[in-house]
Number of protein chains: 2
Amino acid sequence: MSKGNLLDAIIAQTKLTKKQTDKQQKIVETAIKLFAEKGYANTSTSEIAKAAMVAEGTIFRHYGTKDNLLLSVILPFIKDSIPTMAEEVFGEIMSKNIGCFEDFLRALLTNRIHFINENREIFQIVVKELLYSDELRKDLLPFFTKNILHQISKVINLYKKRGELIDIPSSTIQRMIFPLIGGYFVSRFVLQPDNLDLDEEAEIGNLIRFIMDGLRKE
Amino acid sequence: MSKGNLLDAIIAQTKLTKKQTDKQQKIVETAIKLFAEKGYANTSTSEIAKAAMVAEGTIFRHYGTKDNLLLSVILPFIKDSIPTMAEEVFGEIMSKNIGCFEDFLRALLTNRIHFINENREIFQIVVKELLYSDELRKDLLPFFTKNILHQISKVINLYKKRGELIDIPSSTIQRMIFPLIGGYFVSRFVLQPDNLDLDEEAEIGNLIRFIMDGLRKE
DNA sequence: ATAATAAATGAGTGATTACTCATTTGTAAG
DNA sequence: CTTACAAATGAGTAATCACTCATTTATTAT
């Protein structure tokens, strides 16, 4: 894993959008399914080949190594998730100066839940390997923090100036919100992925109320 | 993994407290270190043997299988963490009727952070494998929820009756607190385990204030 | 000291791993 | 139809995996 810089790999991946073969697509689909289900380390290439009804050599012809297959799966997800969030959510809020902090939170959560729902299995893979693989964590965590935390701190500072948020350091606020939202996503999409029958809006409403006002009565 | 019932295994483990050999202790120590660092699936028995300066056969003589070695590591931790929490924290609060909900939270968090700090590596193993292994998750999650959630809901109901907490369903409150505290523990002890220089009391104070009053000003 | 029992060893097992490569199959142009 | 080139194949490779077992070493009882 991790030959050189992951960011370079992401950029490289971005540039070449060469068309995929049918078999290639089948391989990636199957790999996503199996990696999400049993974890990268517990999934063998022969298993993927069999499930995708493809010769094992075909996998290595296209992806070279098993590591590379994993990166081919998660890099587009990472690459999409960060800029999309930055533009769609933060950009919108920061430029148009939309309503209150609650509205921002609602937009952010709705957007991210929607995105993860559409990439549920890849999200499971990223979470699992982020915890499991030292290498991946060392590469990805700084990437996340640099891109997301920076954006979030800007927003927090904005709303703090508006007087909507309590007057404690942004870093402290971040260290509360991040585990909460991250924990919520992991709990919902990784630990209990079968829990499909819940009122989406109500769920988000509860989260926001909790973040804003906590549990105390009155 | 998971021959039959995990709870039976826990009970069985509880009963036999036969003394450990020096080599056995070294094996477990080394296994804990390597499992926490690289994950169970990425750690081979030969690697453990070499690092523990023990013949590979010795591992299997004592633990039979690699799965069993993992269970020997995490079961005592699980077995300790649940009852200890129930007795030391919940028992105390429920019987003596200590102060307000914030005091309960402070006692709970202080107690659990202390416990995890003393078993940092095993906590890392449990979290990683809980996410990575379907089998373990199927066995452990119900065990956690049955024991912990039930206790917590009793406490929540108590303080709700006292009028200290907002009047929403206990299950909703749980689905907010659990990911928050769990996410905080994972973030602190698994994702950023090197962050040792923080003011423990202030950190707990921030968490409690966030849980009680959220982020809104005033 | 001797016998009896338990602990530890390490070479060896078949199965599985990620990966290679000479060969065959499909496809599209001249 | 023939040529050219990429896609796909699957038998084969060395390495590593979890695990076994006959043998040796250490410990305890008599």
Side-chain angles (χ1 to χ4, degrees), chain A residues 1-3 9 16-35 37-74 125 128-129 132-136, chain B residues 1-3 9 16-35 37-74 125 128-129 132-136:
Chain A
M1 184 72 62
S2 155
K3 300 141 193 163
L16 43 97
T17 324
K18 59 184 174 188
K19 53 196 168 189
Q20 277 193 132
T21 313
D22 288 351
K23 307 256 176 185
Q24 232 173 320
Q25 201 170 331
K26 200 81 203 304
I27 289 169
V28 171
E29 278 175 21
T30 310
I32 289 175
K33 191 185 158 204
L34 292 180
F35 287 163
E37 190 180 312
K38 330 190 324 164
Y40 173 77
N42 292 325
T43 307
S44 70
T45 50
S46 71
E47 203 178 348
I48 297 171
K50 196 174 290 179
M53 290 187 298
V54 154
E56 202 174 349
T58 308
I59 295 178
F60 290 93
R61 158 143 280 267
H62 287 296
Y63 300 97
T65 65
K66 193 190 167 192
D67 272 4
N68 213 339
L69 176 59
L70 175 64
L71 291 180
S72 298
V73 165
I74 63 176
I125 296 173
K128 287 180 182 183
E129 299 309 322
Y132 220 73
S133 159
D134 272 330
E135 294 285 350
L136 208 68
Chain B
M1 185 73 63
S2 155
K3 301 141 193 163
L16 44 98
T17 325
K18 60 184 174 188
K19 52 196 169 188
Q20 276 192 133
T21 312
D22 287 351
K23 307 256 175 184
Q24 231 172 320
Q25 202 170 328
K26 200 81 203 304
I27 289 169
V28 171
E29 277 175 22
T30 310
I32 288 175
K33 190 186 158 203
L34 292 180
F35 286 162
E37 189 179 314
K38 331 192 325 167
Y40 172 78
N42 291 326
T43 307
S44 70
T45 50
S46 72
E47 205 177 348
I48 297 171
K50 197 174 290 178
M53 290 186 298
V54 154
E56 201 173 349
T58 308
I59 296 177
F60 290 94
R61 158 142 282 267
H62 286 295
Y63 301 97
T65 66
K66 193 189 166 193
D67 273 4
N68 213 340
L69 175 59
L70 174 65
L71 291 180
S72 297
V73 165
I74 63 177
I125 297 173
K128 287 181 181 182
E129 299 309 321
Y132 220 73
S133 159
D134 273 329
E135 294 285 350
L136 210 67

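Just so it is clear: chains get the letters A, B, ... in the order the sequence lines come, proteins before strands, and each one is counted from 1.
Shortest non-hydrogen contact noted between B/Tyr132 and A/Tyr40 is OH-N, 3.0 Å. Between A/Thr30 and A/Ile48, the shortest heavy-atom distance links the atoms CG2-O, 3.8 Å.
In this structure, B/Tyr63 atom OH and C/dA7 atom P are separated by 12 Å, rounded to whole Å. Per the geometry, CG belonging to A/Asp22 stands 18 Å off P belonging to D/dA6, to the nearest Å. The distance from atom CE of A/Met53 to atom P of D/dA7 is 20 Å, rounded to the nearest whole Å. Rounded to a whole Å, the NZ atom of A/Lys50 is 16 Å from the C1' atom of D/dT9. We find that CD of A/Gln24 is positioned 15 Å from P of D/dA6, with the value rounded to whole Å. B/Glu56 has its CD atom 8 Å from the C1' atom of D/dC19, to the nearest Å. Atom pair A/Phe60:CZ and D/dA11:C1' shows a separation of 15 Å (rounding to whole Å applied). Rounded to whole angstrom, the span from the CD1 atom of A/Ile27 across to the C1' atom of D/dA7 amounts to 11 Å.
Close to D/dA18, at under 4.0 Å from its OP1 or OP2, lies a side-chain N or O of B/Lys66. Close to C/dT9, at under 4.0 Å from its OP1 or OP2, lies a side-chain N or O of B/Lys23. Taking side-chain N and O atoms only, A/Ser46 has no distance below 4.0 Å to OP1 or OP2 of C/dA18.
Among the atoms of the strands shown, base atoms are found under 4.0 Å from some heavy atom of B/Thr45. Within the 4.0 angstrom heavy-atom criterion, base atoms lie near B/Thr58.
Side chain of A/Arg61, nearest nucleotide from C/dA7, D/dC19, D/dA7: D/dA7. For B/Ala55, whose side chain is taken as the heavy atoms from C-beta onward, the closest listed nucleotide among C/dG10, C/dC19, D/dC19 is C/dG10. Comparing D/dA7, C/dA7, C/dA18 against the side chain of B/Thr21 picks out C/dA7 as the nearest. Side chain of A/His62, nearest nucleotide from D/dA8, D/dC19, C/dT20: D/dA8.
Side-chain contact between B/Leu34 and B/Asn42 is absent, with no heavy-atom pair separated by less than 4.5 Å. Annotation: side chain of B/Lys66 is not in contact with side chain of B/Ile59 (no heavy-atom distance under 4.5 Å).
A/Glu56 and A/Ser46 form no side-chain donor-acceptor contact under 3.5 Å, judged by distance and modelled atom types alone.
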